[in-house]
Visitor: 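My questions all concern the structure below.
Order of appearance sets the numbers: ligands from 1, and atoms from 1 within every ligand.
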Amino acid sequence: MQPTNLAPIPELFVSYDSAQKLKHEAGALASWDLTPRQICDLELLMNGGFNPLKGFLSEADYNGVVENMRLSSGELWPMPINLDVGEDFANSVEVGQDIALRDQEGVILAMMSVTDKWEPNKDREAEKVFGSNDSAHPAVNYLHNQAGKIYLGGPITGIQQPVHYDFRGRRDTPNELRAYFRKMGWRRVVAFQTRNPLHRAHQELTFRAAKEAQANLLIHPVVGLTKPGDIDHFTRVRCYEAVLDQYPASTTSMSLLNLAMRMAGPREAVWHGLIRKNHGCTHFIVGRDHAGPGKNSAGEDFYGPYDAQDLFREHQEEMGIEMVDFKHMVFVQDRAQYEPADEILDKDEVTILNISGTELRRRLAEGLEIPEWFSFPQVVEELRKSRPPRANQGFTVFFTGFSGSGKSTIANALMIKLMEMGGRPVTLLDGDIVRKNLSSELGFSKEHRDLNIRRIGYVASEITKNGGIAICAPIAPYATTRRAVREDIEAFGAFIEVHVATSIEECERRDRKGLYKLAREGKIKEFTGISDPYDVPENPELRVETENVDVDNCAHQVILKLESMGLIKA
Ligand code: PPS
């Protein structure tokens, strides 16, 4: 592979003066408030990280990318980058019109000239791009349950970069990195992509990769959006900074990449490679199960472990960036060093040590020892600060079930029991209380119920983040909304879904509020279980039956569950 040409690559920004003028003019345009994922995409579109894209994909480019990873120009591009919007906004915009793109505080970041507007076939997109239509895949779930129904395409005029208040000195545009490599005389650079903290095995493998490629090393972690449930980027960056001291400063650099990952395995690896090429790198490390999304709903892997390497290898010549394949490093205790697992010839005579990601999480959750051969003390210290043992973390207990199933009564009893134990503040977000205080303007349409549950989820995630216990007790009839809330909360602590499984017949027989009678008479519309759906939770952490079981016992079952999960001490 030739050393990279480090000349600047095209950006989509206009000059400062033009930007000021455009900002003023854009004030009068229809404007779209970008989602967090769209902000990440826009940043890389504008700064050249997504070169050769000049904007959000047109319909023809989208079709080519979905079908065979090619833009209509024939260039290789594996990932659809779309501006997905809701139907209402789409109806207010005509093809040929300019729109303003704003961040979540309303700051105008760019203008887009809308050339295309269409309703995509999302099933096809999921199958072709992610190889599956299973919502256990985070990007498929996003596509079906979060992304807007309509896509807008068109070229972008960049006005300003999204503002970042964190780690500013560690963020670089492709051209800033290119300039740095030029200045340092780095002609061959191998990039290491990661969304996890680095431990000793990673250090060893990145050293080896740099040596193998005879290149300098760029540690290029993703700080945009990663897999739901990952360690937050603040903690990770502090960990990276601690590890960076272990690398020779003259050969290694670190830069943060504001990418929204899709966890698309093989296609994602090719995409990552193109992005690194744009950042001036000549080599890219691709591991086993690169950007893997975890298991599908049948408990199987979405992709083969080396599919990403195969697809990358197939396209690397055209991409102009070479793959360095990741070695699975293990610790050989007898020699007190890391070695590639497949190069150890005396496997049966030596002791090989390894700690998996799951085992590491267990040790952190239970406050157990993490040995020095595995990680660096400063990294472990940072991880322990952000992931204290479970018994000191916040968590959310989320009751769901029909009206009158007993959710509120059990939730109340649970609250009292937890308050008696002490140690953490407890907040009850009961359906009725929330509807009075947070959601008084909402009715019971699907849209309003979703909004109500997302609000409850938001408050519960804040409580969980800050080390408290949130107990929620709404009906929450939709599985996708419950899942979205779970994802919001699991970023900070445990989410325990409790299905209060009282049958609709029993709820109606009890009819404590007289609502079922009114629902049967048609005086209350859209009544859950009577004239509105309820998705029974498939895999709740706990299912409680209330018929012939008293409230105290139901609350006790939850307490036992919390104990078994290590969230409270027996
Ligand atoms: S949801 O679907 O989660 O937003 O519902 P939630 O906020 O928990 O509110 C449910 C309570 O509102 C009363 N109520 C209704 N429930 C269901 N469907 C309809 N149409 C409806 N209209 C009013 C009912 O008393 C619920 O209280 P609980 O505590 O569940 O019995």
Visitor: With a 3.5 Å cut-off and no angle check, do the side chains of Asp232 and Thr235 form a donor-acceptor pair?
Guide: yes
Visitor: What is the ring orientation for Trp271 with Phe50, classed by angle as parallel under 30°, tilted 30 to 60°, or perpendicular over 60°?
Guide: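 Tilted, since the angle between the ring planes falls between 30° and 60°.
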Visitor: State which residues pass side-chain contact (heavy atoms from CB on, under 4.5 Å) with Asp33; sequence neighbours excluded, sorted by chain then number.
Guide: Arg102
Visitor: Can you name the residues that come within less than 4.0 Å of ligand 1, going by heavy atoms only?
Guide: Ser403, Gly404, Lys407, Ser408, Gly431, Asp432, Arg435, Phe444, Arg449, Asn452, Ile453, Pro474, Ile475, Ala476, Pro477, Lys513, Leu515, Ile524, Lys525, Glu526, Phe527, Thr528
Visitor: Does a side chain donor of either Tyr240 or Arg236 reach within less than 3.5 Å of an acceptor in the other side chain?
Guide: yes
Visitor: List in chain and number order the residues that pass ring-ring contact (aromatic ring centres under 6.0 Å, His included) with Phe302, two or more places apart in sequence or in another chain; answer none if no residue qualifies.
Guide: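 If we apply the ring-ring contact (aromatic ring centres under 6.0 Å, His included) test to Phe302, skipping adjacent residues, the hits are His137.
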Visitor: In residues 143-152, what donor-acceptor pairs under 3.5 Å come from side-chain atoms, sequence neighbours left out?
Guide:
{"residue": "His144", "atom": "NE2", "partner": "Asn133", "partner atom": "OD1", "Å": "2.7"}
{"residue": "Asn145", "atom": "ND2", "partner": "Asn141", "partner atom": "OD1", "Å": "2.7"}
{"residue": "Tyr151", "atom": "OH", "partner": "Glu125", "partner atom": "OE1", "Å": "2.8"}

